[in-house]
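Before any comments, here is the structure.
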There are 2 protein chains.
Amino acid sequence: MAATLRDVAALAGVSIKTVSNVVHDFQHIRPATRERVRAAIDELGYKPNISARSLRSGRTGVIGLALPELSLSYFAELADAIIQAAERRHLVVLLEQTGGGDRDREIAMLSSPRLQLTDGLIFSPLGLSTEDAAMLNVGYPMVLLGERVFGGPVDHVTMHNVEASKAATLHLISRGRRRIAIIGAHEGEVVGSAVLRVQGYREALAEAGIPFDPALICNVGRWHRADGAEAMRALIDTGVSFDAVFGLNDTLALGAMRVAQVAGLRVPEDVMFIGFDALDETKYSLPTLSTIDPGRDEIADTAVRLLVQRIEEGVTPRVPEVYLADYTVIDRESTAG
Amino acid sequence: MAATLRDVAALAGVSIKTVSNVVHDFQHIRPATRERVRAAIDELGYKPNISARSLRSGRTGVIGLALPELSLSYFAELADAIIQAAERRHLVVLLEQTGGGDRDREIAMLSSPRLQLTDGLIFSPLGLSTEDAAMLNVGYPMVLLGERVFGGPVDHVTMHNVEASKAATLHLISRGRRRIAIIGAHEGEVVGSAVLRVQGYREALAEAGIPFDPALICNVGRWHRADGAEAMRALIDTGVSFDAVFGLNDTLALGAMRVAQVAGLRVPEDVMFIGFDALDETKYSLPTLSTIDPGRDEIADTAVRLLVQRIEEGVTPRVPEVYLADYTVIDRESTAG
DNA sequence: CCAGGCGGCTGCAACGTTGTAATGAAGGCG
DNA sequence: CGCCTTCATTACAACGTTGCAGCCGCCTGG
C-alpha cells in the first residue's frame, strides 16, 4: 500500500538509487532529475520506511528516555523538556517508566530488547547506586541524569546540588530563621539527591554558625506529596521547635506545607518553606512556594546534545563528560518577610 | 557486534530458521534441539533485531501516543497510565507532544514520518474540532481520546462528561449552594470538554430549579493554573455574588481557589470548590479539593486494548467503537459542610 | 587526438528476519 | 510391503533501504 523507492523510481523513470540520493540530498544530481523525482515523491506520497532504513544503516532516529514515573511532576516536566529538545534535533522519544526507584527494574530495562530500535538512551535512575556504575557500561550510547550514580562510564548531566541546596538554606537564614527542618532525607543513603542536598544544608548552617540539630532532619521513603505530609505530621508530633522547612523537592514541600497549615501554623510568619525543582504548581500554591530552579531546559538540551554527539561519533571511547547545570533561587511568598 | 540468528544457528549446529522457530516457541521442535538452541542464545546474548523483524513482518511493537503537553498534570497522569497499560501488552510507547491545542501541529503530526515505526496511534487532540473528523481517516490503526471530535471514523474512548459534570454540580447543590460559578468555559466553542461540562452543569441547575445566570460563567483561554487564577480574579472584580465554584478541570479549580483565598474568601465556608480529573495534587491542596474521578486507568486500558484489536484485525473496516468510562464524585474538604 | 578526470547515474549485494514450500525420516494402516 | 500422515528441520525468497563499485559520456590538458 505505502509507496516505496521502487514505485517512485518507476514513476520518475530513474533508478531506485537515484531516488534515494535525492531523498538524502546527495550531490551530483542534475536539477531536472531532482525535480522529476521530487514530483514523483509528492505524487505518491512516498515516506521512507524507517525499519528498512534502520536495518540497513543501524540508525532509527529514536532515542529512549527511561525515568521512574510520569505522575511525579518533576519527571513529567523533565520529559516534556527532553521531548522538545529531541524534536529540535529531529529525534523522537520512546518513553519507558521504571517505577519509583526499583533497582531491579532499572537494571532489567538497560538490556531490554525494547531498546533495540533506539539509537541511545537518556537514563534517569532512582534505584541504582554508585556501586552499580559498572552496569552502565552497556553497548549503546547513553547519557545519565540525576544524582544516583557518579563516576560512571557514561556522560552525566546533573546540577550543582550542594551549592543550590546551600543557597536555599542561606536564603532562609537571611530571613532570620535558625531552626530549619529538612523534609526528605534518606537515612543511610550514601549517594543521591537527598545526601547532596542535606550536605549543602549543613554547609550553610556551618557558614552561618548555626549548630546542626539531627532532630530537624526528617527521613521519608519516597519523594511524593504524601511522604512530605506524613513527615511533617511526625515532626510536629515530636514537639521539636522549628521556624522554617526546606523540602528537598517541591512535592515534599507542598505536602508538608499543607499539613503545617492544617496544624495551625502560619506560612511564612510561623514557618517559612522552600522547595526544590521549580515545578509549575509552586506558582499557584497558597502561599506560593519559594524554590530552586535547577535549569531544567538546560539539562534537557544538554542531555540530548551529548547523546547525539555520542551516537554520531560511534564507539570511539572517550572520557565521560560531566555537565553541571546552573541554578537560581526563586523567592516567593512562602519565604516573604 | 550483536549476535544474529546466523551466529546462534552456527553455534547450535542448526539452520537459521530453526533458531527463529525456537525464539517464537513454534511447535515441532525436539526438546534436545530446543535446549541446544536455547543454550547458544544465552551464550551469545542474542536479541532479535527489531528493525529487521519489523521490516519483514510490518510490526514494531511500538505504539504512538500524541498528546498536547506533559507539563499539564492531566496528560502526564494519562501518559503514565497508558504506558503502563501498553507495557502489560508488551508494547512500548513513542510519545509525541503537539503543544497546547495547536490545530495545525495536530494535523501535521497525523502524517508525520516519525509515526512510521509505530503500529498505531492513541491520539488526544485539543485543537481539532468535529469538522476535522475526516482527517482522522488515516491509513493506520488509531484510537481517539477526549471530547474534541465525535462521530469520527475511528474508535473513541471518552467519558460521561455531561453526567459527571451534572453530578459535580448536584453535589454542590446538595450542600446548599445555589450561586455556582463555572471556571473554564470556552466562549463560542461548539464541541469539547468545556461545552459538555457546562451542559451537565445546566442540566443540574434545571433539575434543581435554579435559574441559570450567565454572569457566573467564566471563560478562559487554556486550562492551566494561571487561567483559573485569572478568571477568578476577574469574577471577583465583577462583584457578582457566588457561593461555589466548579472548575472544569482540577488545575483551573486549584488556580482559582488560591486567588479566592488570597481575596479573603474562606473555603469551603464562603465558597465551595469542586474540580474535575482527580489529579494526585488535589489530595494535598489546602483545603483538599473535591473532584470527579474520570476513571483514568480504565480509559488508558481500554484505549490500548482497542488499539491492539485494530492492529491485529488488520484493515478490515468495522463500525468505530465508542467507549464511555465510568466516573466517581470524590468528596473532600473543599465541599465539606 | 588521446589519456585521464569527473559529473551523473545505475546495478548489485547486503542488513537480519520470517513465511512458504519443500525435504527426509519415522511411524501407522490397510 | 507400499502409501500416507506427521514430525523435525531446512532452503529460499522476500521486506525496503543504502554502500560500494562501476559505467558511460563529456570536458580538459598535454
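Each chain gets a letter, A, B and so on, in the order the sequences are listed, and its residues count up from 1. Side-chain atoms are counted along with the backbone in the values below, which use heavy atoms only and exclude waters and symmetry mates.
Rounded to whole angstrom, the span from the CG atom of L5(A) across to the C1' atom of dG11(C) amounts to 14 Å. Rounded to an integer number of Å, the gap from CZ of R59(B) to P of dT17(C) is 18 Å. L55(A) places its CG atom 14 Å from the P atom of dA14(C), with the value rounded to the nearest Å.
Taking the side chain as every heavy atom from C-beta outward, I63(A) and L307(A) approach each other to under 4.5 Å.
Between H156(A) and Y323(A), the ring center distance fails the sub-6.0 Å criterion.
By the 4.0 Å N-to-carboxylate-O rule, R296(A) lies too far from D277(A) to be salt-bridged with it.
Qualifying side-chain hydrogen bond (donor to acceptor under 3.5 Å, both in side chains) partners for R305(A), counting only residues two or more places apart in sequence or in other chains: none.
Listed by first and then second residue, the ring pair (Phe, Tyr, Trp, His ring centres under 6.0 Å) pairs that reach into residues 18-43 of chain B are H24(B)-F26(B), sequence neighbours excluded.
Residues from residues 26-45 of chain B that place a heavy atom under 4.0 Å from any atom of DNA chain D, listed by number: H28(B), I29(B), R30(B), T33(B). Remark: V14(B), S15(B), K17(B), T18(B), N21(B) in residues 9-25 of chain B come within less than 4.0 Å of DNA chain D through at least one heavy atom.
Scanning DNA chain D 5' to 3' for nucleotides with an atom closer than 4.0 angstrom to a non-hydrogen atom of chain B gives a first and last hit of dC7(D) to dG16(D).
Remark on the helix from dC1(C)-dG30(D) to dG30(C)-dC1(D): inter-end axis angle 50°, axes from five-pair C1' superpositions, rounded to 10°.
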